[in-house]
Amino acid sequence: MNFYYSLIAQCAHTKSLTILRALHSHVIKSCASYLSFGGHKLIHGYIKCGSLDDARKLFDEMPNRHIVTWNSMISSHINHGRSREALDLFGNMLVEGALPDAYTFSAILKAFAEMGVLSHGQRAHGLAVVLGLEVLDGFVASAIVDMYSKFGRIRDAGLVFQRVLDKDVVLCTALIVGYSQHGFYSEALEVFEDMVDRGVKANEYTLASVLISCGNLGDLVNGQLIHSLLVKSGLESVVASQTSLLTMYSKCGMVEDSMKVFNHLAYASQVTWTSFIVGLVQNGREEVAVSVFREMMRCSMNPNPFTLSSILQACSSLAMLEVGEQVHAITLKTGVGGNKYVGAALINLYGKCGYIDKARSVFEVLMELDLVSINSMIYAYSQNGFGQEALQLFERIKKLGHEPNGMTFTSILLACKNAGLVEEGCQIFSSIRNNHNIELTKDHFAGMIDLLGRSKRVEEAAKLIEEVRNPDVVLWRTLLNACRIHGEVEMAEKIIKKIHELAPGDWGTHVLLTNLYASAGKWNQVVEMKSKIRDLKLKKSPAMSWVDVDREVHTFMAGDFSHPRAHEIFYTLHELVEKVKILGYNPDTRFVLQHLDDDEMKLSSLYYHSEKLAIAFALWKTGSRKTSIRIFKNLRVCGDCHSWIKFVSLLTGRDIIARDANRFHHFKGGICSCKDYW
DNA sequence: ATAGGGTTAG
């Protein structure tokens, strides 16, 4: 008999299923009673060889089934992703009166968690309590804690934890993980501190999770403490520890530190690469993120949906259409084009770059139209002035099985504003008030104030702001903008005072007020404001425009003569100015904020605004090609340029799409999609 | 003879 045992063990070791089957039939023939005392050996062998079906067939024939054999059957099915059958086995076990033990529970609880059947799990938990295993066995206890936290029943997990007598590392870690995955970061730290106090030694799993909590709390001090603990425990080189370390640093805003961690890695996993990229994007280091992504591709490391959605986010922040399209191709190639995160990121990218059709085609092929993707699409429509389309999609939300949330309403108010749908916007705003599931935020008020301002209802807008608790600068500035457009000088002055209280030294406000005085013809005040601006030495970020022509980005600053094609640009620009003057363009020197005295100087500074340079360059470069031109500006497009671009689009028959800090302007045939309100 | 916990996105 021992001879057979060693042969079976041999088969199990070498995973030779065919030989094991031969052995099986031989042993059954030669020894009729073999099953009752050697069957478990064969079952074990079959499991090792990966044939659960052989194991199950034999198991069902066995007369006396030992608890260990039950457990092996159950856990092997779970490990092969056949949890359904494992649950059947567990049921049979109870029916036959075999008493589950600690091994059974730790296996079966995991299956309940994976299958998402809470009530079964709770019943098994009850049974474990009755058998006294909950408080006495660390394996069972951690399986229960883990199961509850996977169900989001974090309170239940905590209660079980408290009852367990011997709280070992794994049990503590299970709870820490549960807390940290459900946003209870301080609680996770508390469990950790308590554990350390009790002299339980943390391992890499524990530290990884605690680091994540520190990161999410922005708790750099504890994060660094754990880093030193990691070094002391000699766990520094474990990939997962390094990944969480890197994540902790980037969540605390310490990009340099996360770079240091990354650069010292012996090996970076897919997750590590991704975490690093995510951190860079979140800290506004998009260009670095893109180069790290390229490096990742060069290392033949496959990106996953996390990587791709993150890098697409970077592309849309910088409106890097070219890179974004390459990443889009990668998403299609790797088959994650239907992923909702990737989809939403692509919609944002194309929306931001003014390609509404591309955004829509991504949206239409999404596997799952979740609320975030819908919101992204509505926002893309809004940004680009497609108000009706935004409203139609808004109407469809309920049919698609969702309830609009705060973000939906922010986008839809923006859509109404950008498309001039004032009545529709007012109706939607009052519907938010009546919907008690949605909390009205400052964003909603800002959107509404903007909208009212558009239709000269400045008084109403001012009333609205009174409803807001602690209105912030953004809100006041929105109202101020409405005043500026409609020449409400007195109200504007009051608002300016408010803004100065909230944010002293805000140059944008000075500029707005100066413009306002200028348009009301109050020249004395204009002069006063300008000297104030000069006295305060307020630095404004330089206006900059860029344009993508033939896959090359060209950047321009106002009055910038440094471009290699400066000569051609200025020639084209002057020609354009003269031609559009004939069409009716009238230079508007109110938009000159530099302190220039003579009129000629004023005019030329106006002509050399960065957006005009960018457009002149693009027109010259593309010559007779009738492609549309896309320019980007870091600030709001100025009124004079706006009018000029309208004429240029009429003159040249070219579509010009300009993205400024706030929104898109689609110029076509002398008309802009913003209908002159922005 | 069978068993437990970790890292990335709107």
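Letters go in sequence order (proteins before strands), and every chain restarts at 1.
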In a table with atom names and distances, give each donor-acceptor pair under 3.5 Å that connects a side chain of residues 300-311 of chain A to protein atoms at least two apart or in another chain.
{"from": "Asn304(A)", "atom 1": "OD1", "to": "Phe306(A)", "atom 2": "N", "distance (Å)": "3.0"}
{"from": "Asn304(A)", "atom 1": "OD1", "to": "Thr307(A)", "atom 2": "N", "distance (Å)": "3.0"}
{"from": "Asn304(A)", "atom 1": "OD1", "to": "Thr307(A)", "atom 2": "OG1", "distance (Å)": "2.8"}
{"from": "Asn304(A)", "atom 1": "ND2", "to": "Gln270(A)", "atom 2": "OE1", "distance (Å)": "3.4"}
{"from": "Thr307(A)", "atom 1": "OG1", "to": "Thr274(A)", "atom 2": "OG1", "distance (Å)": "2.9"}
{"from": "Thr307(A)", "atom 1": "OG1", "to": "Asn304(A)", "atom 2": "N", "distance (Å)": "2.9"}
{"from": "Thr307(A)", "atom 1": "OG1", "to": "Asn304(A)", "atom 2": "O", "distance (Å)": "3.2"}
{"from": "Ser309(A)", "atom 1": "OG", "to": "Pro305(A)", "atom 2": "O", "distance (Å)": "3.1"}
{"from": "Ser309(A)", "atom 1": "OG", "to": "Phe306(A)", "atom 2": "O", "distance (Å)": "3.3"}

For residues 131-148 of chain A, pull every pair meeting salt bridge (charged side-chain N to carboxylate O under 4.0 Å, His left out), keeping only residues two or more places apart or in separate chains.
-> Glu134(A)-Arg163(A), Asp146(A)-Lys150(A)

Which residue pairs pass the salt bridge (charged side-chain N to carboxylate O under 4.0 Å, His left out) test with at least one member in residues 293-317 of chain A, sequence neighbours excluded?
-> Glu295(A)-Arg298(A)

Residue pairs fulfilling salt bridge (charged side-chain N to carboxylate O under 4.0 Å, His left out) with at least one residue in residues 324-336 of chain A, sequence neighbours excluded | Glu325(A)-Lys358(A)

Residues of residues 234-247 of chain A with a heavy atom under 4.0 Å from any atom of DNA chain B, listed by number, are Val238(A), Ala240(A), Ser241(A), Thr243(A)

What is the 5' to 3' range of DNA chain B, first to last nucleotide, that sits under 4.0 Å from any heavy atom of chain A?
-> dA1(B) to dG10(B)

Here the salt bridge (charged side-chain N to carboxylate O under 4.0 Å, His left out) pairs for residues 270-288 of chain A, sequence neighbours left out, are Glu256(A)-Arg285(A)

Identify, residue by residue, the members of residues 333-341 of chain A with a heavy atom below 4.0 Å from DNA chain B, and return them in order of residue number, or none.
-> Lys340(A), Tyr341(A)

Is there a residue in residues 68-83 of chain A whose heavy atoms reach under 4.0 Å of DNA chain B, and which residues are they?
-> Val68(A), Asn71(A), Ser72(A)

What residues 283-308 of chain A contributes to the DNA chain B interface at heavy-atom separation below 4.0 Å is Asn304(A), Phe306(A)

Which residues, if any, of residues 256-282 of chain A bring a heavy atom under 4.0 Å of DNA chain B?
-> Val271(A), Thr274(A), Ser275(A), Val278(A), Gln282(A)

Just distance, no hydrogens or angles: give the donor-acceptor pairs under 3.5 Å from side chains in residues 84-99 of chain A, sequence neighbours left out.
{"from": "Glu85(A)", "atom 1": "OE1", "to": "Arg82(A)", "atom 2": "NE", "distance (Å)": "3.4"}
{"from": "Glu85(A)", "atom 1": "OE1", "to": "Arg82(A)", "atom 2": "NH2", "distance (Å)": "2.9"}
{"from": "Glu85(A)", "atom 1": "OE2", "to": "Arg82(A)", "atom 2": "NE", "distance (Å)": "3.0"}
{"from": "Glu96(A)", "atom 1": "OE1", "to": "Arg65(A)", "atom 2": "NH2", "distance (Å)": "3.0"}
{"from": "Glu96(A)", "atom 1": "OE2", "to": "Arg65(A)", "atom 2": "NH2", "distance (Å)": "3.0"}

